[in-house]
Amino acid sequence: MTRLKSFVQLLMVCILAVTTGCSGDGPESATDNLAGNWYGTRCYVNNGAVKYQNITLRLNSDKTGSMEYEGPDSFSVAYFTWSASGGRLVCKGAYASTSGDLSGDYQMECRIESGRLIPTGQFSTFILTKDNSVMTDGDGNEIESPETQLYTLQNTWVSTDGKTVITFYPGGVYDEYVLDAPGSNSYSEFNTGSYSFAPLNKTLTIKTTLWNVVTLSDKSLVLQRGTTKMEFRMGTRSDMPSVSNLKSKKLFKFDSIKFLWQPNQSFLQRPRLILHNCVKGDGTSQAMRKFSRPPI
């Protein structure tokens, strides 16, 4: 009985050793689970217009496959056989129905990196994923879609010094508040106007001033124009002040206004508004001319 028990224990140790050796602690092979559909989208600007290119790569389990390429003015389908080893996927073309984008004997290679296929050569500006979650720009850099970037911009932003709050609304309108003090609920200046955002060009035009968008995320917004840089953190609508202490920005403040006309005169016969004792914004006074009587 003792010998049998020892034999069983030895057998269990051997089984565990073999199982551990087979499973290993290393990462899953890069070529595992390649079969399936892979998608990539490239978004770029051409002559001021936003353009899209799309790739759908289908890898069948029998090592055959197809690729659909759709450009702004073209559509192509190619069929191939594929193989994978050493972290690389190789697709060798067999037939293509194309408008000139692909040839029947084409060959495409992709690097296999962390659940992504990175093509080399002709389609190197794409990144392919199974969930179609990655978009690239004209240079092949990974980006968020223009719609997602615009959605991120359309929020309330608070300057890093806490003195300015700006909200970008859908429809291209913004409100800007200059607070009396950092974090204050009152403001002394207010501006509003229009804006336009070009995500792929990474520019934001506020009224007529063009800013380069250095950073745009769900945490921060950084704008730069020449040597001037503005940095914001994402806030909420509750950061917008509600108490107004607006100061006049007019060049002149008038301390007396007189209207002169006779009761029996019609409106068109009455003299224009006459302004006296005008005071400039710097405290100095300046005489104002009388407005002439309009023609009858």
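- When side chains are defined from C-beta on, Trp211 counts as touching Ile206, because their heavy atoms get closer than 4.5 Å.
- For the pair Thr81 and Lys63, the minimum side-chain heavy-atom distance is 4.5 Å or more.
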Going through the distances and angles, do Leu128 and Arg116 end up as a side-chain contact (heavy atoms from CB on, under 4.5 Å)? CA-CA 6 Å; Leu128 309 182; Arg116 298 180 175 191; over 6 Å; no
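- Taking the six-membered ring for Trp and thresholds of 30 and 60 degrees, Tyr177 and Tyr187 have ring planes more than 60 degrees apart, a perpendicular arrangement.
- Distance OH/Tyr44 to CG/Asp137: 12.5 Å, rounded to 0.5 Å.
- The hydrophobic cluster containing Ile112 also contains Phe80, counting ILVMFWY residues as joined when their side-chain heavy atoms lie under 4.5 angstrom apart, directly or transitively.
- The OG atom of Ser83 sits 7.5 Å away from atom CG of Leu89, with the distance rounded to the nearest 0.5 Å.
- At a threshold of 4.5 Å between non-hydrogen side-chain atoms, the residues Asn191 and Ile166 do not count as touching.
- Nearest heavy atom pair, residue Cys110 against residue Pro119, reads SG-CA, 3.8 Å.
- Taking CG of Asn185 as the reference point, atom CE of Met240 lies at 11.0 Å (rounded to 0.5 Å).
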Derivation of the side-chain hydrogen bond (donor to acceptor under 3.5 Å, both in side chains) call for Asn245 and Ser188: CA-CA 5 Å; Asn245 287 324; Ser188 56; over 6 Å; no
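- Remark: Asn132 CG to Thr41 OG1 distance equals 4.5 Å, nearest 0.5 Å.
- Of all non-hydrogen atoms in Gly193 and Lys207, the two that sit nearest each other are CA-CE, 4.1 Å.
- The local environment of OH in Tyr169 is crowded, with over 12 non-hydrogen atoms from other residues, nucleotides or ligands closer than 6.0 Å.
- Side-chain contact between Val77 and Met67: absent, with no pair of heavy atoms (C-beta onward) separated by less than 4.5 Å.
- Inter-residue side-chain proximity for Trp157 and Met234 is flagged as met; some heavy-atom pair is nearer than 4.5 Å.
- Contact annotation: the side chain of Cys43 never approaches that of Ser145 to less than 4.5 Å [non-hydrogen atoms, C-beta and beyond].
- Ring-plane geometry between Tyr69 and Phe123 is classed as tilted, the angle between the planes lying from 30 to 60 degrees on a 0 to 90 degree scale.
- Closest approach of Trp82 and Cys91 over heavy atoms only: CB-SG, 4.2 Å.
- Asn155 places a side-chain N or O within 3.5 Å of a backbone atom of Thr152 that can act as its donor or acceptor partner.
- Although no hydrogens or angles enter the test, the distance criterion places a donor-acceptor pair under 3.5 Å between the side chain of Gln149 and the main chain of Glu144.
- Side-chain contact between Pro170 and Gln154 is present, with at least one heavy-atom pair separated by less than 4.5 Å.
- Within the 3.5 Å criterion, the main-chain N or O of Met135 finds no donor-acceptor partner in the side chain of Arg42.
- Distance CG/Leu210 to OG1/Thr205: 4.5 Å, rounded to 0.5 Å.
- Follow the hydrophobic side-chain contacts under 4.5 Å out from Leu246 and you reach Leu179 in the same cluster.
- Under a hydrophobic-cluster definition in which Ile, Leu, Val, Met, Phe, Trp and Tyr are linked whenever side-chain heavy atoms come within less than 4.5 Å, directly or via other members, Leu34 and Leu57 are assigned to the same cluster.
- Considering every non-hydrogen atom in both Ser194 and Tyr174, the closest pair reads O-CE2, 3.7 Å.
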Run Ser220 and Arg233 through side-chain contact (heavy atoms from CB on, under 4.5 Å) and show every step you take. CA-CA 4 Å; Ser220 64; Arg233 64 169 177 83; 5.7 Å; no
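- Residues Thr64 and Asn60 have side chains that bring a donor and an acceptor to within less than 3.5 angstrom of each other.
- Classification of Lys92 and Glu109 as a salt-bridged pair fails, no side-chain N sitting under 4.0 Å from a carboxylate O.
- Cluster membership for Met230 and Tyr195, using ILVMFWY side-chain heavy atoms within less than 4.5 angstrom, is shared.
- Within the 4.5 Å cutoff, no side-chain heavy atoms of Tyr39 are placed close to those of Ile127.
- Once rounded to the nearest 0.5 Å, the distance linking CG of Asn201 with CG of Asn212 reads 10.0 Å.
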side-chain hydrogen bond (donor to acceptor under 3.5 Å, both in side chains) for Thr192 and Asp175? Distances and angles first, verdict last. CA-CA 4 Å; Thr192 188; Asp175 287 340; 2.8 Å; yes
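- Between the side chain of Ser159 and the backbone N or O of Thr164, at least one donor-acceptor pair lies under 3.5 Å.
- What you find for Ser66 and Tyr79 is that their closest heavy atoms are CB-CD2, 3.7 Å.
- With no hydrogens or angles considered, no side-chain donor-acceptor pair links Thr156 and Asp239 at under 3.5 Å.
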Walk me through it: do Leu223 and Leu204 pass the test side-chain contact (heavy atoms from CB on, under 4.5 Å)? CA-CA 8 Å; Leu223 305 177; Leu204 174 64; 3.9 Å; yes
Trace of the side-chain contact (heavy atoms from CB on, under 4.5 Å) decision for Thr209 with Arg225: CA-CA 9 Å; Thr209 303; Arg225 182 171 63 91; 3.3 Å; yes
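- Val165 and Phe232 sit in two unconnected hydrophobic clusters of ILVMFWY residues. Membership requires side-chain heavy atoms under 4.5 Å apart, directly or through other members.
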Between Glu189 and Lys163, is the salt bridge (Lys or Arg N to Asp or Glu O under 4.0 Å) condition met? List the steps. CA-CA 11 Å; Glu189 293 184 33; Lys163 295 180 180 179; over 6 Å; no
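- The nearest pair of heavy atoms linking Ser184 to Pro241 is O-CB, 4.2 Å.
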